[in-house]
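This report refers to the structure that appears directly beneath it.
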Amino acid sequence: MPLFNCKKKIKISIIFLLLSAVLFISYPANAANTPNSETLSIAVIPERGDLDFWHLLKKGAIKAATDDGKIKILWVNPAGYGSFKEQKKKLKWCMQHQVDAIVISPVHVLRMAEPLEEVIDSGIPVIQMVSKISRSIKTGYVHSDNFKGGALAAEYLQKKLNNSGSVVLGLFTQGNLPVNDRVKGFKDQLDKTDSKLKIAKSIYVGKSYEKGASKIRVAMYGSSGPRKKQKINAVVGFNESSSEVLIETLQKLDKLKGLNFVAFNPDPNMITQIENDTISAGVAQDPFEIGRIAVTQAAMAARGQKIPANTKTGVYLITKDNLSQPKIQEILGLKKRTY
């Protein structure tokens with residue numbers, strides 16, 4: 001064989017191996033002390049436990065455990081409204097109780113890095129879901145296409161408002177990767193289409209309702225009060241938490257009617273509001289599928305099997321026109337899954 005062809009084949013083999021290392025994560029066969037014939041204990045740590053999104057995700061996690069037959073789900077719910085200190089405590093608990101694998105949605109891209117590294121160093125496989133830390137660590141990541149979700153919201157409002165007007169972006173707290181990606185997708189859609197729909201203000205409504213309401217008033221009216229109110233045509237709540245605060249406040253201000261409101265991760269109450277034309281639309285992830293895939297991959301990792309480094313699920317624009325579609329009903333948890 002010519003030397004040139006030999007070198008070419010070696011080069012191709014090296015590139016393939018490097019790509020495989022990026023696309024898949026391998027865990028050693030002794031990643032878990034539990035043999036395949038025994039039941040795995042997999043801890044699932046959400047950002048918070050009181051929202052409909054996490055309830056649907058839990059159902060997906062339970063579905064994975066049921067299908068496997070040898071998984072025990074430990075739903076380790078942190079207290080509060082998304083506290084990294086609470087999540088850190090739960091990770092300590094998981095290490096103390098020697099769980100076989102952990103599935104977690106980190107509440108902060110920076111503050112959760114060290115606690116997760118400590119878990120991985122202890123030998124427990126980790127799957128990040130929904131959100132992830134900014135630091136590169138050896139875990140799988142199961143999430144929706146948040147960038148596309150932001151673009152869907154922008155595209156919807158462009159059509160609804162004839163590509164002009166002003167919009168307020170409502171966020172909950174800083175440091176959440178999915179929300180950051182949704183905002184990027186929203187802005188990218190406006191930029192690449194040279195849109196005349198402009199962002200008037202971005203606000204963090206936070207965990208205090210009173211402070212959030214004050215920020216919303218300023219965004220809607222300006223700092224000079226109601227007499228010099230700004231013309232706002234639309235508001236987007238970039239997650240379920242911010243949407244709740246925004247909708248309640250705008251209703252109290254009597255500003256929701258006639259406003260184009262888009263809610264991310266709409267809960268049952270928001271779905272009813274879409275049906276009643278109280279709010280315009282929603283952008284939904286598929287939390288059930290995220291939970292199902294994340295737990296499935298956690299079991300694979302605990303058994304020393306290869307898992308994908310990145311798994312992306314879909315996002316869906318929800319309007320009054322498509323609410324009755326079977327697929328949308330499943331995504332929103334209004335209809336039992338057909339599988």
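- At most 12 non-hydrogen atoms from other residues, nucleotides or ligands lie less than 6.0 angstrom from CD of Gln98.
- A salt bridge links Lys63 with Asp67; the closest basic N to acidic carboxylate O contact falls under 4.0 Å.
- No side-chain heavy atom of Val107 sits under 4.5 Å from any side-chain heavy atom of Ser83.
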Legend entry - CA sep, side-chain torsions, deciding dist, call: Ile120, Ile124, side-chain contact (heavy atoms from CB on, under 4.5 Å): CA-CA 5 Å; Ile120 293 168; Ile124 300 174; over 6 Å; no

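- Ser134 places a side-chain N or O within donor-acceptor distance of the main-chain N or O of Val109, the cut-off being under 3.5 Å.
- Both Phe84 and Ile137 belong to a single network of hydrophobic side chains, linked directly or stepwise wherever heavy atoms of I, L, V, M, F, W or Y lie under 4.5 Å apart.
- Taking Ala151 as the reference, Gln189 meet the side chain to side chain contact (heavy atoms under 4.5 Å, CB included) condition, with sequence neighbours excluded.
- Pairs engaging residues 104-113 under the side-chain hydrogen bond (donor to acceptor under 3.5 Å, both in side chains) rule: Glu47-Ser105 [sequence neighbours left out].
- Linking Ile, Leu, Val, Met, Phe, Trp and Tyr residues whenever their side-chain heavy atoms come within less than 4.5 Å leaves Val283 and Phe147 in two separate clusters.
- Taking every heavy atom of both residues into account, Asn239 and Phe172 meet most closely at ND2-CB, 3.7 Å.
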Under 3.5 Å donor-acceptor pairs involving side-chain atoms of residues 162-169, not counting sequence neighbours:
residue: Asn163; atom: OD1; partner: Gln158; partner atom: NE2; Å: 3.0
residue: Asn163; atom: OD1; partner: Ser195; partner atom: OG; Å: 2.6
residue: Ser164; atom: OG; partner: Leu161; partner atom: O; Å: 3.4

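- At least one donor-acceptor pair closer than 3.5 Å links the side chain of Glu240 to the backbone N or O of Phe53.
- Within a 6.0 Å sphere centred on CD of Gln325, other residues, nucleotides and ligands contribute more than 12 heavy atoms.
- By the side chain to side chain contact (heavy atoms under 4.5 Å, CB included) test, Ala284 is found to be paired with Pro266, Ile318, Ile331, Leu332, residues two or more places apart in sequence or in another chain being considered.
- Val130 and Ile307 end up in the same hydrophobic cluster when Ile, Leu, Val, Met, Phe, Trp and Tyr side chains are linked at under 4.5 Å.
- By the side chain to side chain donor-acceptor pair (under 3.5 Å) test, Ser131 pairs with no residue at all, sequence neighbours left out.
- Listed by first then second residue, pairs satisfying salt bridge (charged side-chain N to carboxylate O under 4.0 Å, His left out) with a partner in residues 71-92 read Glu86-Lys89, Lys92-Glu118, not counting sequence neighbours.
- Salt bridge Asp50/Arg48: present, at least one basic N to carboxylate O contact under 4.0 Å.
- Counting heavy atoms from C-beta on, the side chains of Val99 and Leu74 come closer than 4.5 Å.
- Applying the side-chain hydrogen bond (donor to acceptor under 3.5 Å, both in side chains) rule to pairs touching residues 142-152 yields His143-Asn310, Ser144-Asn146, Ser144-Gln285, Asn146-Arg182, sequence neighbours excluded.
- Residues that satisfy the ring-ring contact (aromatic ring centres under 6.0 Å, His included) test with His97, not counting sequence neighbours, are Trp93.
- Pairs engaging residues 314-331 under the salt bridge (charged side-chain N to carboxylate O under 4.0 Å, His left out) rule: Asp277-Lys320 [sequence neighbours left out].
- Grouping the Ile, Leu, Val, Met, Phe, Trp and Tyr side chains by contacts below 4.5 angstrom, directly or via other members, places Ile62 apart from Val103.
- Applying the side chain to side chain contact (heavy atoms under 4.5 Å, CB included) rule to Gln251 yields the partners Ile247, Leu256, Gln273, Thr278; only residues at least two apart in sequence or on another chain are considered.
- Nearest approach of Asn260 to Ser280, heavy atoms of both residues: CA-OG, 3.2 Å.
- Considering every non-hydrogen atom in both Val142 and Ala294, the closest pair reads CG2-CA, 3.9 Å.
- Of all heavy-atom pairs spanning Val44 and Ala61, the tightest one is CG2-CB, 4.4 Å.
- Cluster annotation: Ile328 is not connected to Leu56 through the hydrophobic network of ILVMFWY side chains, with a link wherever side-chain heavy atoms come within less than 4.5 Å.
- A donor-acceptor contact shorter than 3.5 Å links the side chain of Asn322 to the backbone of Leu317.
- The two atoms that bring Asp100 and Leu40 nearest to each other are OD2-CA, 3.3 Å, heavy atoms only.
- Using the six-membered ring where Trp is involved, Phe238 and Phe264 have ring planes that are parallel, under 30° apart on the 30 and 60° scheme.
- In the displayed structure, Asp254 atom CG is contacted under 6.0 Å by at most 12 heavy atoms of other residues, nucleotides or ligands.
- Counting heavy atoms from C-beta outward, Thr249 and Leu253 have side chains that approach closer than 4.5 Å.
- Sequence neighbours left out, the pairs with a member in residues 282-300 that pass salt bridge (charged side-chain N to carboxylate O under 4.0 Å, His left out) are Asp286-Arg337, Glu289-Arg292.
- Looking at heavy atoms from C-beta onward, Leu152 lies out of side-chain contact with Phe186 at the 4.5 angstrom threshold.
- Put simply, the side chain of Met112 reaches to within 4.5 Å of the side chain of Leu91, judged on heavy atoms.
- Between the side chain of Asn276 and the backbone N or O of Thr272, at least one donor-acceptor pair lies under 3.5 Å.
- Looking only at side-chain heavy atoms (C-beta outward), Ile102 and Pro125 stay at 4.5 Å or farther from each other.
- Annotation: side chain to side chain contact (heavy atoms under 4.5 Å, CB included) contacts of Ser243 (sequence neighbours excluded): Phe261, Ala263, Met270.
- Taken from CD in Glu117 to OG1 in Thr139, the straight-line distance is 10.5 Å, to the nearest 0.5 Å.
- Looking at heavy atoms from C-beta onward, Pro46 lies in side-chain contact with Asn77 at the 4.5 angstrom threshold.
- Proximity of Ile203 to Leu171: side-chain heavy atoms (C-beta onward) are nowhere separated by under 4.5 Å.
- Taking each heavy atom of His55 and Gly49 in turn, the nearest pair found is NE2-O, 3.0 Å.
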